[in-house]
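In what follows, every heavy atom counts, from backbone to side chain, and hydrogens, waters and symmetry copies are set aside. Just so it is clear, the model here is predicted, and its values are computed rather than measured.
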Amino acid sequence: MAGRQLRLTKFRDLRLSDPFFDSLKNGYVDFADWFARKSDADVYVVEDDAAVLSGMIYLKPEQGAVSDVTPPLADLKWLKVGTLKIEGRGTKLGERVLKKIFDTAIDENMDGIYVTIFDVHEDLIRLFERYGFQRVGTKTTQSGEELVYARRLDQFSGDMISDYPFVHVAGKKAWLLAVYPEYHTQLLPDSILKNEPREIVRDVSHTNTIHKVYIGKIPLTRMSAGDAVVIYRTTDHQGPAYYRSVASSICIVEEIRRKRDFANIEAFLEYTAPHSVFTEDELRDQYVESDRLYVARMTYNVAFNRRITRGRLIEEAHVTAQPRWDLRELTSTQFRAILEMGDVNARIVVD
């Protein structure tokens, strides 16, 4: 079973009678009328193989001051999170949805994002606050008073989580880090290759979470917090690596740990299991069998709009074939060339 998938559809293709919408109809007195008016509008939904809904995200671009909240929001290009409901079931689905919201806002060149939330939704509020949203006012309707949370996308705090998904490059290094194909897209779902089946993107914590854990025997301590990492999906051996291996995404290092930094195996599992593609048994085996063990915790910031083959990395970004590409430091020129080749929105990089 593939599990739940995030996809774009139209309101008219959804059934208001679906039990998923009951809480929204109970919480908003005019929800049914609003839903009918949105018939032709786009909406993201999360559903499983049997088309059972567990998430809905409606995003609406707005230009100008937002006057129906107190105090009004500034005269900017805003992305409004118009309706948001997530039944996460412990799989960190909220983080995956939030990444989609950020991706949409940046792709559409928005100045900021705002959302209105009833104060009873404490988990959702904490999620938005963690990624830089601040309470800026209230909105009063027939359904009651909601809190207004906003995040400016043209202002930065310098904190990598509050500023997510932006990439700060000043004073930081960049690296090329290899990931095997069997792990790549489970860990980085938005970086799926065109020739890969959607079924490999599973509804599990390590797929949905913004925070990823990479575990290996190579000396990851060469990297430091804040460094940028170009993820390099190695060949699937169905053809020459020159054409089959690709750079797919950008992550940012949060923290590097060695085996000795964990008090015991339970501490290692607690740290790695929610964010790693490995099973608990595989993690236990790695901890027991290897003294040379390194862990990189990273944020998943950007999926390239255009994957870059090994051949292009060599020929156009001038990354030499040797030494090996398991962990390879990149020059600033190489890194910026890769961003351009990957068709990454230029505003994502903050100098």
Side-chain angles (χ1 to χ4, degrees), residues 3-4 6 18-31 34-35 43-48 52-60 62 66 68-73 78-105 112-153 155 157 159-165 203-212 254 270-271 273-275 297 299-300:
R4 295 182 293 179
L6 177 67
D18 191 308
F20 172 82
F21 295 111
D22 287 350
S23 64
L24 293 169
K25 288 185 286 187
N26 292 333
Y28 297 90
V29 295
D30 61 346
F31 183 80
W34 175 86
F35 190 95
V43 60
Y44 284 101
V45 296
V46 180
E47 62 185 13
D48 64 17
V52 175
L53 281 175
S54 57
M56 171 185 171
I57 314 97
Y58 170 60
L59 303 176
K60 179 187 177 185
E62 295 184 346
V66 180
D68 61 349
V69 304
T70 305
L73 300 183
W78 292 100
L79 182 68
K80 178 182 179 181
V81 183
T83 302
L84 172 63
K85 180 184 176 182
I86 303 166
E87 296 174 352
R89 303 173 193 167
T91 64
K92 299 186 183 296
L93 183 61
E95 290 184 28
R96 187 161 181 213
V97 167
L98 189 59
K99 184 177 187 302
K100 176 58 69 176
I101 293 170
F102 280 128
D103 289 347
T104 302
I113 306 167
Y114 80 96
V115 59
T116 62
I117 313 174
F118 286 115
D119 59 9
V120 295
H121 300 300
E122 296 178 355
D123 290 344
L124 193 57
I125 288 172
R126 280 194 292 269
L127 177 68
F128 278 101
E129 287 179 335
R130 185 181 186 193
Y131 294 96
F133 284 78
Q134 296 180 342
R135 180 177 171 179
V136 295
T138 58
K139 179 177 180 176
T140 303
T141 68
Q142 298 178 63
S143 302
E145 184 178 273
E146 293 180 277
L147 307 178
V148 181
Y149 280 82
R151 163 87 187 270
R152 291 282 295 268
L153 300 178
Q155 299 175 353
S157 68
D159 177 81
M160 73 174 69
I161 306 302
S162 295
D163 289 347
Y164 177 88
D203 178 37
V204 289
S205 292
H206 65 253
T207 295
N208 291 331
T209 181
I210 285 170
H211 306 270
K212 310 296 182 179
E254 291 184 75
E270 181 180 2
Y271 186 85
H275 309 283
R297 180 183 165 102
T299 55
Y300 178 30

Practice task
Carefully, step by step, assess Ser23 and Lys85 under the rule side chain to side chain contact (heavy atoms under 4.5 Å, CB included).
Solution key: CA-CA 9 Å; Ser23 64; Lys85 180 184 176 182; 2.9 Å; yes

Fill in the blank from the handout: Looking only at heavy atoms, the pair that brings Ile113 and Trp78 closest together is N-CE3, 3.6 Å

Tell me, do [X] and [Y] make a side-chain contact under 4.5 Å, heavy atoms counted?
{"X": "Tyr164", "Y": "Lys99", "answer": "yes"}
{"X": "Ile161", "Y": "His211", "answer": "yes"}
{"X": "Val43", "Y": "Ile57", "answer": "no"}
{"X": "Ile101", "Y": "Thr104", "answer": "no"}
{"X": "Arg135", "Y": "Ile125", "answer": "no"}
{"X": "Glu146", "Y": "Ile117", "answer": "no"}
{"X": "Tyr149", "Y": "Leu147", "answer": "yes"}
{"X": "Phe20", "Y": "Val52", "answer": "no"}

Handout entry: Centroid-centroid under 6.0 Å between Phe118 and Tyr28 rings
Key = yes

Exercise for the section: Taking the six-membered ring for Trp and the single ring otherwise, decide whether the centroids of Phe35 and Phe21 are under 6.0 Å apart. Expected result: yes

Distance, nearest 0.5 Å, that separates [atom1] of [X] from [atom2] of [Y]:
{"X": "Leu84", "Y": "Leu59", "atom1": "CG", "atom2": "CG", "answer": "8.5 Å"}
{"X": "Ser157", "Y": "Arg152", "atom1": "OG", "atom2": "CZ", "answer": "14.0 Å"}
{"X": "Asp123", "Y": "Phe128", "atom1": "CG", "atom2": "CZ", "answer": "12.5 Å"}
{"X": "Leu93", "Y": "Glu87", "atom1": "CG", "atom2": "CD", "answer": "9.5 Å"}
{"X": "Glu145", "Y": "Thr140", "atom1": "CD", "atom2": "OG1", "answer": "4.5 Å"}
{"X": "Ile86", "Y": "His121", "atom1": "CD1", "atom2": "NE2", "answer": "11.0 Å"}

Please check this pair: side chain of [X] against backbone of [Y], looking for a donor-acceptor N/O pair closer than 3.5 Å.
{"X": "Lys139", "Y": "Val115", "value": "no"}
{"X": "Glu95", "Y": "Ile210", "value": "yes"}
{"X": "Arg151", "Y": "Phe102", "value": "no"}

Exercise for the section: May I have the step-by-step check of side chain to side chain contact (heavy atoms under 4.5 Å, CB included) for Tyr114 and Val148, ending in yes or no? Expected result: CA-CA 7 Å; Tyr114 80 96; Val148 181; 4.3 Å; yes

Exercise for the section: Inspect the surroundings of CD in Glu270 and state if more than 12 heavy atoms from other residues, nucleotides or ligands are less than 6.0 Å away. Expected result: no

Handout entry: Heavy atoms from other residues, nucleotides or ligands near CD of Gln155 exceed 12 (cutoff 6.0 Å)
Key = yes

Practice task
Take Tyr131 and Asp163, measure what side chain to side chain contact (heavy atoms under 4.5 Å, CB included) needs, and give me the verdict at the end.
Solution key: CA-CA 7 Å; Tyr131 294 96; Asp163 289 347; over 6 Å; no

Exercise for the section: Indicate yes or no: does Lys100 engage Asp103 in a salt bridge with an N to O separation below 4.0 Å. Expected result: no

Exercise for the section: Scan side-chain atoms only and decide if Thr299 and Lys212 contain a donor-acceptor pair under the 3.5 Å cut-off. Expected result: no

